[in-house]
Amino acid sequence: MSSQQSLLDGLNEPQRSAVTHSGGPLLIVAGAGSGKTRVLTHRIAYLLAERGVRPGEVLAITFTNKAAAEMKERIENITGARVANAMWVMTFHSACVRILRREGNRLGYPSSFTIYDSADSQRLMQLVCRELDLDPKRYPPKSFSAQVSNLKNELVDYDTFAGQAQSDQERKLAEAYTLYQRRLHEAGAMDFDDLIMVTVNLLHAFPEVAEHYRRRFRHVLVDEYQDTNHAQYELVRALVGEGGPDAVVPPAELCVVGDADQSIYAFRGATIRNILEFERDYPDARTILLEQNYRSSQNILTAANAVIARNAERRPKNLWSEQGDGPAIVGYVADNEHDEAAFVVGEIDQLTDDGVCAPGEVAVFYRTNAQSRVFEDVFIRTGLPYKIVGGVRFYERREIRDILAYLRVLANPEDTVSLRRILNVPKRGIGDRAEAMIELFAARERISFAQALRRAEDAPGIATRSLKAIREFVALLDELAGLVPDSTPAEIVEAVLQRTGYLSELANSKDLQDESRMENLEEFVQVAREFENTFTAPLAEDQEEAGPEEEAGEPTLVDFLEQISLVADADQIPDADEHGGVVTLMTLHSAKGLEFPVVFLTGLEDGVFPHARTLGDRTALEEERRLAYVGITRAQERLFLTRSAVRSAWGTPAYNPASRFLDEVPKELIDWRRAESTIAAVSSRPRMPSVPSRGRPRDVPTLSPGDKVTHDSFGMGTVLLVDGAGDRTKARIDFGADIGEKDFLVKFAPIEKL
DNA sequence: CATAGATAGCAATTA
DNA sequence: GCTATCTATG
């Protein structure tokens, strides 16, 4: 058994105070790399071991599944799995789903409600806007969707908003919001933001429900508190309870951890206010500062401190380390993004060859997903193993979403958005017109789309051919639905793939993409199998404490769908220890919470990072700076800062000046490998690209015999001879036996030098 | 009337 | 460079 001593071993003074603090609310201001997860897990273990807290009384909330899983694992290492399983260690969204599955019927939601992700909710908003005859130019559904999301993050419901709508835009938005919410409810669905807002409403509207959870959770711990938005703030308040004279249950002990300097999610409603004013919100709160950094060398910390110090509204904080200065930060100015990527890959090659680090210890960060493409090209070309986190995610791929839509309809037949998605996928002859007629019919009869589909005979204006297709489709759904009760998720997935003809359509296609689609679907079946094997049923409320034999119920389709909708696979960050691992490429946002011995921070240009849209806005610019701070503090030993003089953004090259964040790093810390670009002079005079349009303008390569090149359609080749000069340079290139030798005008040929 | 192929508009960050 | 929408065809 863990004694008090071992739980506090190896912790510094403030960390110990944070672990042992008892009584009032506690705010832990944890600088980057200051051992925050360690403090949280040890605190939980300490609660159990020294303060007689039962595991079921603990609720620990994180933002990502990855963080939740890590925390759970580290708690397990101290307390053992049985104890850890009885706690709620999960994300805001998962916790809400669990509450809502149990209590949502009080608000008219089925316990098998569907969770719409942002793509689904945008689709629904599009349908709603069309139904309201809104001109998509003046009232873009996408923007409406975003605005509704913002409103929900502020806990503004459609009624309240309709009441205060002033402008024409706002009134239209209010209409759309109202109808959108009605359609969601009818479909038995909630979007991401509803998960939080509806839970808050539920806790407010039903005191007995709130009391139930307050009795249960005596310790509430929140990670990354700086990323909470207003709705999440209220949720925490509601769960903790007010206490006071007429409260039945005294307030739970609240412990939040955060770092205002790492707040990078204002765009999804996060407000720094929550952490800055914690002491005002909870008057008897205690604050503990963790400033000793255990991650990075001092040079890296000095750079990070210098950058973040430029932000006006912040409490001063100074990270320090006992690890020594470490190597200098390396700077590099590239001519263009290809050059930048080549430099990065070259350095990684060097470092791994010299045995300084394994590929798995290296990360490349960029501001926007679009920047990953060039890196990917170069990594593939050089054969360096890599993995891109984020971007087009697995669950956002079309084929996966199609199958998911089938599964959702099977779980919840009223789910209109999913139903309409699969109506004609694979193609079965139910076209736009037929769909429109069903919709019209549903509206007139005041029945759901699903019900209207089953009564298609009665709907006017549908061709007999379509009618037949619809009947077959309904029969197909019924057949599949019949399988659901006694099949496992994986079996259902396979049945859907087979019986809908989805697989055979892909198999018969000659589109190259479809091959990888099939592979993805195969992987999806694998995901389902995996799920069945690892599934542990959430313990029922009343047996949460007891039971050595954990009753793991059969995993249902609903369980499977829930896991998928809540797991973004940004959680797929590669493990460094697996055979040296692979280089990780990701956006700065996904990088939060991670650490790497070697970090490349790329695209440091004004207009890229900080992003162009933030340049005129002081608060937005401060958030960009925090993002830079997050990026820099991910590095443990070596940090590379790169920028490019020219960068092509959708076709046109842009000349960007150095990022202001680069200038904010003290000069003596940076060892410039290349400090100026040779084409920097060109940047002063704005010039149009010399090749007007005609496809994407490309850099004209300088070729000499023997060079390896790649051609867009002919592939790899070797330059045999070069003739002429300037724009009229010609090259003869050998593409091997199959294609032979060809002559090109270098200026126009789609050739790239390798 | 459904479908396939062409085209315009568009991409900041995410649970 | 990619996806939703428009247009020509079967």
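Checking the phosphate oxygens (OP1, OP2) of C:dC2, no side-chain nitrogen or oxygen of A:Arg398 falls inside 4.0 Å. Taking side-chain N and O atoms only, A:Arg367 has no distance below 4.0 Å to OP1 or OP2 of B:dA12. Contact between the side-chain N/O atoms of A:Lys142 and the OP1/OP2 oxygens of B:dA11 is found at a separation under 4.0 Å. The side chain of A:Ser590 contributes an N or O atom lying less than 4.0 Å from OP1 or OP2 of B:dT14. For C:dA4, neither phosphate oxygen OP1 nor OP2 lies less than 4.0 angstrom from any side-chain nitrogen or oxygen of A:Gln122. Under 4.0 angstrom from either OP1 or OP2 of B:dA12 there lies no side-chain N or O belonging to A:Thr614. Within the structure, a side-chain polar atom (N or O) of A:Asn369 is placed less than 4.0 Å from OP1 or OP2 of B:dT14. Taking side-chain N and O atoms only, A:Ser118 has no distance below 4.0 Å to OP1 or OP2 of B:dA15. Look at A:Asn229 and you won't find any side-chain N or O under 4.0 angstrom from OP1 or OP2 of B:dA15.
Taking the six-membered ring for Trp, A:Phe600 and A:Phe365 have ring centres at least 6.0 Å apart. Between A:His338 and A:Phe375, the ring centre distance reaches or exceeds 6.0 Å.
B:dT14 atom C1' lies 21 Å from atom OH of A:Tyr116, rounded to whole Å. Rounded to whole Å, atom C1' of C:dA4 lies 13 Å from atom CG of A:Leu127. A straight line from CD of A:Gln126 to C1' of C:dT5 spans 10 Å, rounded to a whole angstrom. Atom-to-atom, CD of A:Glu472 to C1' of B:dA2 comes out at 15 Å; the value is rounded to the nearest Å. Atom CD1 in A:Ile438 sits about 16 Å away from atom C1' in B:dA2, given to the nearest Å. The CZ-P distance, from A:Arg401 to C:dC2, rounds to 19 Å in whole Å. Distance CG (A:Asp432) to C1' (B:dA4): 13 Å, rounded to an integer number of Å. Residue A:Asp191 contributes atom CG, which lies 19 Å from atom P of B:dT14 at whole-angstrom precision.
Taking the six-membered ring where the residue is Trp, A:Phe267 and A:Tyr265 present tilted rings, their angle falling between 30° and 60°. Ring geometry for A:Phe661 versus A:Phe609: interplanar angle over 60°, hence perpendicular rather than tilted (30 to 60°). Relative orientation of the A:Phe192 and A:His93 rings is perpendicular, given thresholds of 30° and 60° on the angle between their planes.
If you check B:dT13, B:dA15, B:dA2 against the side chain of A:Asp193, the one that comes closest is B:dA15. Here B:dT3 is the nucleotide among B:dT3, B:dA15, B:dA12 with the atom lying nearest to any side-chain atom of A:Lys427. With distances taken from any side-chain atom of A:Arg613 to the nucleotides B:dC1, B:dA11, B:dA12, the minimum falls on B:dA12. When each of B:dA12, B:dA11, B:dA15 is scored by its nearest atom to the side-chain atoms of A:Ala370, the top-ranked nucleotide is B:dA11. Nearest to the side chain of A:Arg130, among B:dT14, C:dT5, B:dT3, sits C:dT5.
The aromatic ring of A:Phe267 sits over the base of B:dT13, with ring centres less than 5.5 Å apart and planes inclined by under 30°. For the pair A:Phe192 and B:dA15, the ring geometry qualifies as stacking, because the centroid separation is below 5.5 Å while the planes lie within an angle under 30°. Residue ring and nucleobase are not stacked for A:His93 and B:dA15 under a centre distance beneath 5.5 angstrom and an angle between planes beneath 30°.
Contacts of A:Phe63 with the nucleic acid, taken as non-hydrogen atoms under 4.0 Å apart, involve only primed sugar atoms and P, OP1 or OP2. Using a 4.0 Å heavy-atom distance criterion, A:Asn424 is classed as a sugar-phosphate-only contact. Within the nucleic acid shown, A:Ala612 has no heavy atom closer than 4.0 Å to any nucleic acid atom. At a threshold of 4.0 angstrom between heavy atoms, the contacts of A:Tyr265 are confined to the sugar-phosphate backbone, with no base atom among them.
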Please step through side chain to side chain contact (heavy atoms under 4.5 Å, CB included) for the pair A:Glu234 and A:Ile196, ending with a clear verdict.
CA-CA 9 Å; A:Glu234 288 294 343; A:Ile196 313 285; over 6 Å; no
Side chain to side chain contact (heavy atoms under 4.5 Å, CB included) assessment of A:Thr614 paired with A:Glu623:
CA-CA 9 Å; A:Thr614 66; A:Glu623 176 146 326; over 6 Å; no
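For the pair A:Asn424 (side chain) and A:Gly429 (backbone), a donor-acceptor distance under 3.5 Å is present. In this structure, the side chain of A:Ser149 does not engage the main chain of A:Ser145 through any donor-acceptor pair within 3.5 Å.
Where A:Arg123 and A:Arg373 meet DNA chain C, the nucleotide closest to each residue was compared, and A:Arg373 sits on the side nearer the 5' end. Residue order along DNA chain B, read from the 5' end via each residue's closest nucleotide, puts A:Ile430 first among A:Ile430 and A:His589. Mapping A:Gly431 and A:Leu627 onto DNA chain B by nearest heavy atom places A:Gly431 closer to the 5' end of the strand.
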Mind listing the N/O atom pairs, protein and nucleotides 7-10 of chain C, below 3.5 Å?
none

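Atom CG of A:Asp458 is surrounded by more than 12 heavy atoms from other residues, nucleotides or ligands within 6.0 Å.
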